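Chain letters run A, B, ... following the sequence lines, proteins first and then strands; every chain starts at 1. This is a predicted model, so every value here is computed, not measured.
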Protein chains: 2
Amino acid sequence: MKTCCDHPPHSRRLIQTPLVELTDQLRRSARKITAPRQAILEVLRRHQHPLTNKEIHLALGKEECDLATVYRNLRTLEGMRMVARFDFGDGVARYELAGAGDEGHHHHLVCTHCTRVVELTECLPRQMEQEIAERHGFSQVTHRLEFFGVCNRCRGSHTTSLVK
Amino acid sequence: MKTCCDHPPHSRRLIQTPLVELTDQLRRSARKITAPRQAILEVLRRHQHPLTNKEIHLALGKEECDLATVYRNLRTLEGMRMVARFDFGDGVARYELAGAGDEGHHHHLVCTHCTRVVELTECLPRQMEQEIAERHGFSQVTHRLEFFGVCNRCRGSHTTSLVK
DNA sequence: TTGCATGCAAATCCTTTGCATTCCT
DNA sequence: AGGAATGCAAAGGATTTGCATGCAA
């Protein structure tokens, strides 16, 4: 996977939750507000795009903490629903700050050539998930949906870096 | 991930392509028809459910070949579009025999507790993908969509084995 | 003070690869 | 024969974990 180059303007509005609000969530969950945690949340706030653990670790700069700490914290934050994990099929987890409740729920359109990511506002028809859940007797049904294709800049290129 | 227990009846009709037809596809692609390949295709034909490399390897039984060979072949078959890869978010690739053309395209409903998998016939509204592609100037757009929930048998249990 | 978090290093797990050998075509 | 496929072992890369130490509450 290449390094992230330039990011396109987002199609969905940014949720620029203030850092204090984020740390408050930690406090309410009886989690300690440590330097690595604040730094990681800052990074996620700055780049509202799916980032890998390694990318987050790199972006920490002089606030650097151990990579294992990044992994541990993203797991924790995921458990708290403060971040959402995305899977682009290349075997690497990516995270984004999650909006409160369902508000943050969204999907992506990923260029399989340059890995450019577009955030989408579209989602499944509301009743589809519910119908599927009922028909098969499942509860607490959610879904993961991502789109893959070739962006206009990459049209003509023939190699693929994502989804090997 | 637990071992696969009992599988529910499929919601979509099985594509029981005869083995000869599958090996013919290999022949047409100038691929050699080896014992491991036939055995792997046989396994996939028998279990039309997403299987991991390891599960396939196990299911080979006395037709056993090296695990690396399983990996290599599934990659090859994926490239030929003879199998489809699915990703349930637990960091392990799963494969299924693919129907010809788009005919095999489908999604899953996965129980996050027991990993039971239901094959779905539902798919995205046809025009949604096209609209998204056009709006963002992407071509060759495809999607990955999977549903996750808790099946009726597992209601009441509170541990989760999938999507840690 | 007290246990949650962190750093560091080692361990796991999935997947890929190098190389000599085997075997389809 | 000749190149593709396989077996075996080792390497890679992502992620997790054990343990002693540090630090927020």
Side-chain angles (χ1 to χ4, degrees), chain A residues 1-3 20 22-41 50-58 60 62-80 82-83 85-95 161-164, chain B residues 1-3 20 22-41 50-58 60 62-80 82-83 85-95 161-164:
Chain A
M1 186 78 150
K2 297 175 197 149
T3 49
V20 251
L22 296 174
T23 53
D24 267 354
Q25 277 192 258
L26 286 174
R27 204 185 317 280
R28 280 196 298 278
S29 302
R31 299 280 176 185
K32 293 184 178 165
I33 299 170
T34 63
R37 266 178 197 164
Q38 294 182 77
I40 289 168
L41 287 170
L51 296 178
T52 64
N53 285 279
K54 209 184 282 184
E55 287 168 343
I56 294 169
H57 184 236
L58 255 169
L60 288 173
K62 70 180 319 181
E63 305 285 302
E64 162 144 359
C65 69
D66 195 86
L67 180 58
T69 300
V70 175
Y71 274 99
R72 273 190 283 234
N73 275 310
L74 283 157
R75 252 236 202 170
T76 300
L77 293 170
E78 188 190 356
M80 297 172 61
M82 286 183 65
V83 301
R85 179 161 54 93
F86 293 98
D87 196 331
F88 291 169
D90 61 347
V92 191
R94 287 176 169 74
Y95 297 89
S161 58
L162 196 65
V163 191
K164 313 156 252 189
Chain B
M1 186 80 150
K2 299 176 197 151
T3 49
V20 251
L22 296 173
T23 54
D24 268 352
Q25 277 191 257
L26 286 174
R27 204 186 316 278
R28 280 196 297 279
S29 302
R31 299 279 175 185
K32 294 185 176 164
I33 300 169
T34 63
R37 268 182 194 160
Q38 294 182 77
I40 289 168
L41 288 171
L51 296 178
T52 64
N53 286 280
K54 209 184 283 185
E55 286 168 343
I56 294 168
H57 184 235
L58 256 169
L60 288 173
K62 70 181 316 181
E63 304 287 301
E64 163 144 357
C65 68
D66 195 85
L67 180 57
T69 300
V70 176
Y71 274 99
R72 276 191 282 235
N73 275 310
L74 283 157
R75 254 240 202 165
T76 301
L77 293 169
E78 188 189 358
M80 296 173 62
M82 285 183 64
V83 302
R85 179 162 55 94
F86 293 98
D87 196 332
F88 292 169
D90 62 347
V92 191
R94 287 176 170 73
Y95 297 90
S161 58
L162 196 63
V163 192
K164 312 156 254 190

(message) If I take atom NE2 in residue His57(B) and atom P in nucleotide dC13(C), what distance separates them, rounded to the nearest angstrom?
(response)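 It works out to 17 Å between those atoms.
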
(request) Measure from CD on Gln38(A) to C1' on dA24(D) and round the result to the nearest Å. (result) 11 Å

(message) For a quick check of understanding: with a heavy-atom distance under 4.0 Å over all strands, which category does Ala93(A) fall into, base, sugar-phosphate or nothing?
(response)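 Contact class for Ala93(A): sugar-phosphate only.
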
(message) Need one value for Arg37(A): base, sugar-phosphate or nothing, where a base atom within 4.0 Å counts as base even if backbone is also close, heavy atoms only.
(response)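 Here Arg37(A) touches the backbone only, sparing every base.
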
Protein N or O to nucleotides 23-25 of chain C N or O, pairs below 3.5 Å:
unit_1, atom_1, unit_2, atom_2, d
dC24(C), O2, Lys32(B), NZ, 3.3
dT25(C), OP1, Ile33(B), N, 2.9

(message) For the CE atom of Met82(B) and the CG atom of Leu77(B), what is their distance to the nearest 0.5 Å?
(response)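 That separation rounds to 5.5 Å.
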
What nucleotide, of [options], holds the atom closest to the side chain of [X]?
| X | options | result |
| --- | --- | --- |
| Asp66(B) | dA14(D), dG7(D), dC8(C) | dG7(D) |
| Tyr71(B) | dT15(C), dA14(D), dT6(C) | dT15(C) |
| Thr69(B) | dC8(C), dT15(C), dG7(D) | dG7(D) |
| Ala68(A) | dA9(C), dT16(C), dG7(D) | dA9(C) |

(message) How close do Thr23(A) and Gln38(A) get, counting heavy atoms only, and between which atoms?
(response) CG2-CG, 4.1 Å

(request) Write down the atom of Asn53(B), the atom of Leu67(B), and the distance for their closest heavy-atom approach. (result)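 Nearest heavy atoms, Asn53(B) then Leu67(B): O-CD1, 4.0 Å.
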
(message) Does dT15(C) have OP1 or OP2 under 4.0 Å away from a side-chain N or O of Asn53(B)?
(response) yes

(message) For dT16(D) and Arg72(A) - does any side-chain N or O of the residue sit under 4.0 Å from the phosphate oxygens OP1/OP2?
(response)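 For Arg72(A), the contact criterion (side-chain N or O under 4.0 Å from OP1 or OP2 of dT16(D)) is not met.
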
(message) Restricting to side chain to side chain donor-acceptor pair (under 3.5 Å), what partner residues turn up for Arg37(A), sequence neighbours left out?
(response) Asn73(A)

